Amino acid sequence: MTMAIESSDALAPADVAHLRVAIDLAAEARNDGRHPFAAIVVLADGTVISTAMNNSRPPEGDPTQHAELSAAAHAARLVAPEVLAGATLYTSAEPCAMCAGAIYWTGIGRVVYALSEARLLDLTGDNPENPTFALPCREVFARGQRAIEVHGPHLEDEAASTHIGFWK
Ligand SMILES: Nc1nc2[nH]cnc2c(=O)[nH]1
């Protein structure tokens, strides 16, 4: 049974705009001394209900505070699962296995990501601050019981530029 809906086709202009917001926020996160990741959750009517930067560096943060997990968890406290089914999470980088799990459990129906996890792994190498998984989010979603539409990678070079010189 495959529950992730495969999709890497061209994005609508509104999707591109939201994805750029996530990439710009990732650059802000880097400038703020955080890991360069960010995510936003947008309802079907275009309302942005949640934005989050990575906060995985102690002492302020902890290693579970990836941008996507924080954005999804915050969104789930604001609106009902039926509403989140029509929402999209835009993220500067493909959700890791932990964040894909969080997205699944919140009921968010759609994910649009910029940088692929494979390219992120190439950029981070074996940096101990970010031992990147080699596990595409589609593989995690495929093991679930509800479909999540996935689009990505998109704007990958723009998203990669936020990481260049950060990890090695
Ligand atoms: N996609 C993603 N990968 C990460 N790896 C470490 N932190 C993050 C994050 O916030 N998002």
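First listed ligand is number 1; within each ligand, the first listed atom is number 1. When reading the values below, keep in mind they use all heavy atoms of this one structure, side chains included, and skip hydrogens, waters and symmetry mates. Just so it is clear, the structure is predicted and the values come from calculations on it, not from any experiment.
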> Considering only the protein, which heavy-atom contact is closest to atom 7 (N) of ligand 1, and what is its distance?
Asn54 ND2, 2.9 Å
> Given Phe37, Phe133, Tyr113, identify the one with the heavy atom nearest to atom 4 (C) of ligand 1.
Phe37
> Within the 4.0 Å heavy-atom shell around Ala93, which atoms of ligand 1 are there?
1 (N)
> Parallel, tilted or perpendicular: which fits the ring planes of Phe166 and His35, with parallel below 30° and perpendicular above 60°?
perpendicular
> Can you name the atoms of ligand 1, numbered from 1 with element, that are less than 4.0 Å from a heavy atom of Glu68?
1 (N), 2 (C), 9 (C), 10 (O), 11 (N)
> Are Lys168 and Asp122 ion-paired here, with the side-chain N under 4.0 Å from a carboxylate O?
no
> Please report the shortest heavy-atom distance between Pro36 and Trp167, naming the atom on each side.
CD-CZ2, 3.8 Å
> Can you tell me if Arg146 uses its side chain to pair, donor with acceptor, with the backbone of Tyr104 under 3.5 Å?
yes
> With heavy atoms of Glu94 as the reference, note each atom of ligand 1 found under 4.0 Å away.
1 (N)
> Measure the distance from atom 5 (N) of ligand 1 to every protein heavy atom, then report the residue, atom name and distance (to 0.1 Å) of the closest one.
Asn130 OD1, 2.9 Å
> Going by the order shown, which atoms of ligand 1 are within less than 4.0 Å of some heavy atom of Ala67?
9 (C), 10 (O)
> Please confirm whether His35 approaches ligand 1 to less than 4.0 Å, judged on its heavy atoms.
no
> Output yes when the distance from some N or O of ligand 1 to some N or O of Ser56 is under 3.5 Å, and no in every other case.
no
> For Asn31, does the CG atom have more than 12 heavy-atom neighbours from other residues, nucleotides or ligands under 6.0 Å away?
yes
> Can you find a heavy atom in the side chain of Leu120 that is under 4.5 Å from one in the side chain of Thr124?
yes
> Run the side-chain contact (heavy atoms from CB on, under 4.5 Å) test on Ile103 and Val111 for me, step by step, so that the C-alpha distance in whole Å, both residues' side-chain angles and the decisive distance to 0.1 Å come before the verdict.
CA-CA 9 Å; Ile103 291 163; Val111 171; 3.9 Å; yes
